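Here is the structure we will look at.
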Amino acid sequence: MSTNLRVTLPDDRTMELPEGSSAYDVALAIGPGLARAALAAEVDGEMVDLHRALAGDVRVRLVTDRDPEALELLRHSAAHVLATAVRKHRPDAEIGFGPPIEEGFYYDFGVDEPFTPEDLELFESTMQEVIEADYSFERREVTKEEARELFADDPLKLERLEEFDDTETITVYRDGPFLDLCRGPHVPTTGRLGPYKLLSAAGAYWRGDERRQMLQRIYGTAFFSKKDLRTHLNRLEEAKKRDHRVLGKQLDLFTVDERVGPGLILWRPAGSIVRNEIEEYEKELILRHGYEIVYTPHVMSERIFEISGHLENFAENMFGAMEVEGARYRAKPMNCPGHICLYQADQRSYRELPIRYAEYGTVYRYERSGVLHGMLRVRGFTQDDAHVFCTREQVPGEIAALLDLVDEMLSTFGYPYTVELATRPEKALGDREVWDEAESQLRGVLEERGIEYSVDEGGGAFYGPKLDFKLIDAIGRRWQGPTVQLDFNLPERFDIEFIGEDNERHRPVMLHRVLIGSMERFVGGLIEHYAGAFPLWLAPEQVRVLPISEQWAEDARAFAAQLKDEGIRAAVRDRESLNYRIREAEMRKVPYMAVIGEREAADRTVAVRRRGAGRKQEILDRDAFVSQLLTEIASRALNGAAGGQSAAP
RNA sequence: GCUCCGGUAGCUCAGUGGUAGAGCGCUUCCUUGGUAAGGAAGAGGUCGAGGGUUCAAUUCCCUCCCGGAGCUCCA
């Protein structure tokens, strides 16, 4: 037997094996334990099936459930098992795509009748049968002609098939009765699948194209261990409990009214407090950072959007025109045009730059009805928008200042974050050289600061590169955070300029930036981040004063008045039983309860119970409690820092 | 916008071809309570809107509005 198969392992050990050996044989040679655990292999950097024959001089790494790629592999195989089960009950179901995704997998089917929850249960149990049958995932290379025959009854697969060019290898995978056009790789047999769960079904367009056929997509997830599956399902539960639409109702934060219109938020007093605190905080922050606060109209003549190019490029996202005295007006979809007009209200000297205009600018955008979602996706929202006008030389300094601002702000809310640099897209405005300079300025600042960042190649706006900050909430979800964009377009379109040191006209650089983004989305996200338990400085009601009985109600009201004098948001509840009122305050997520009874009235103290802390209480002198509250508020301490309820599940 | 599901009291939801129910909340009364629901009584609904079928529609059918899960898109 020839031994022309030479395998190099990750630790650089080599071994020789007979021709036709597979990664499985490699694993066997290393040890039976590994052979049992192996699911697939990485061969010369490419993932392949465990039993695929190796050839030549190869580098092999065996993949087991400990490797990060393994989950993807498992879920891809789970998608096939799902399709196997679906086909058993619906032999006519056309099969679309069935890939692994971040948290699981899906498979798309073309069926006449959409799936019901009962169908999902049925498929779920049939999947178990497929797993127990322990079918091998058999890989086969086929010609296009063969494949056409194999998938003669699968129009979606045939369509995909025609996209292969003649140099590509076409592979099919079979597990028991089910055959799929698929690149692979898969786990060796269906029996290798671990615990799984089907989660939902919904329509999805074939190939994501709304002009094409609507398929029925089934989502599911799969893991190697029951524990991991349970953790994941618990996390979904946790996310549901934190849903800002549910909490928004429970805590009276916001509402929508169909008479007002979909996607339009009405802020209730409690939610307005949260928003106002954020606005006040940010104002203080940006004034310190050299911004000037401005106000511009909500409705503007269409002329301005002709100049800005919004009518040309953004019209389908704008509300329709309204006519006043023969002129057409529009609700503004962005604040930049107004700020540019303010810039142009005077002739500008280089001595004035940078000019930083900030506004809580309320904008309106048309969003398709199907995408609206609570406060997170709406048609009217307020941006903490700012535009910086500066010279090219000033850009790095401005970016550096913004990084500080972002860092300070996000840490106040307790969000860790990541940074992404989005560079020049295919279709871009402005000279290459200007782009290169801008991108290298951005990189330079990030690197100088030692900030880790990833690059979204070609992800910039057509008018300039940008920095995106993604924030990570208490249960690990990523949210769009602050963004900073350089703009090479609007300065040209508006022909804005400043007089330089040389007494010549120059074009300033314009930076768009938001920290919070949309007030609506940000507060919606915060509700979920804190699970409704806002830190003291943001809490709509900060202290609830509870007299043990009506006898102490007057003293309680006097104490509440003292708190209010100090600017602390306090309320008294003096009806029902104490137990009842404590439960009520806990459910309302009020950060502090101050209980006053005979002892407290006599000693001028309060029994302080912290939200989520249970029966642990502290007897404090009233003035001491007040100053403790004031300190906690002034420092904008997070729940965790204050020793209260942690935001983590 | 599209596919599917839904809309019944302030909230969460049950229910029916003969104009409707629960729990919580709310109001009143009793209870004066020491750390997550003390007790009782009461008020509250054009059953999302319009049209159709029917002797009769909250229930069946159609259209529209709003919400949800997704697709697509985004601050």
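The sequence lines fix the lettering, A, B, ..., with proteins before strands; numbering per chain opens at 1. Fair warning: this is a prediction, and the values are worked out from it, not measured in the lab.
- Rounding to whole angstrom units, CD of residue A/Gln383 and P of B/rA75 are separated by 9 Å.
- The same atom, C1', is picked in B/rA49 and in B/rC66; the two are 10 Å apart, to the nearest Å.
- A salt bridge between A/Arg581 and A/Glu584 is absent, with no side-chain N of the basic residue lying under 4.0 Å from a carboxylate O of the acidic one.
- The interatomic distance linking A/Leu264 (CG) with B/rC66 (P) rounds to 11 Å, in whole Å.
- A/Tyr415 places no side-chain N or O within donor-acceptor distance of the main-chain N or O of A/Gly481, the cut-off being under 3.5 Å.
- With hydrogens and angles left out, the side chain of A/Tyr366 and the base of B/rG1 share no donor-acceptor pair within 3.5 Å.
- Not a single donor-acceptor pair, N or O on each side, falls under 3.5 Å between the base of B/rU72 and the side chain of A/Glu210.
- For A/Thr126 and A/His89, the side-chain atoms include at least one donor-acceptor pair closer than 3.5 Å.
- Remark: the separation of the C1' atoms in B/rG38 and B/rU31 is 7 Å, to the nearest Å.
- Using atom C1' as the reference point in both B/rC60 and B/rU72, the two lie 35 Å apart (nearest Å).
- A salt bridge does not link A/Arg207 to A/Asp209: none of the charged nitrogens lies less than 4.0 Å from a carboxylate oxygen.
- Across the protein-nucleic acid pair, A/Asp384 atom CG and B/rA75 atom P stand 14 Å apart, rounded to whole Å.
- Here A/Arg569 pairs with A/Ile273, A/Glu277, A/Gln542 under the side-chain contact (heavy atoms from CB on, under 4.5 Å) rule; sequence neighbours left out.
- Checked against the 6.0 Å centroid criterion, the rings of A/Tyr592 and A/Phe625 qualify as a close aromatic pair.
- Under 3.5 Å, the side chain of A/Glu584 and the base of B/rG25 form no donor-acceptor pair of N or O atoms.
- Stem analysis of RNA chain B (at least three stacked-register Watson-Crick or G-U pairs, each with both distances under 3.5 Å) gives B:1-7 with B:65-71, B:10-13 with B:21-24, B:26-30 with B:38-42, B:48-52 with B:60-64.
- For A/Arg581, no side-chain nitrogen or oxygen approaches OP1 or OP2 of B/rG34 to under 4.0 Å.
- Between A/Arg368 and the phosphate of B/rC2, there is no side-chain N or O to OP1/OP2 separation shorter than 4.0 Å.
- Residue contacts for A/Val371: at a heavy-atom cut-off of 4.0 Å it reaches a base atom on one of the strands shown.
- Between A/Tyr219 and A/Phe105, the ring center distance fails the sub-6.0 Å criterion.
- The residue A/Arg207 sits apart from the nucleic acid: no heavy atom pair falls under 4.0 Å.
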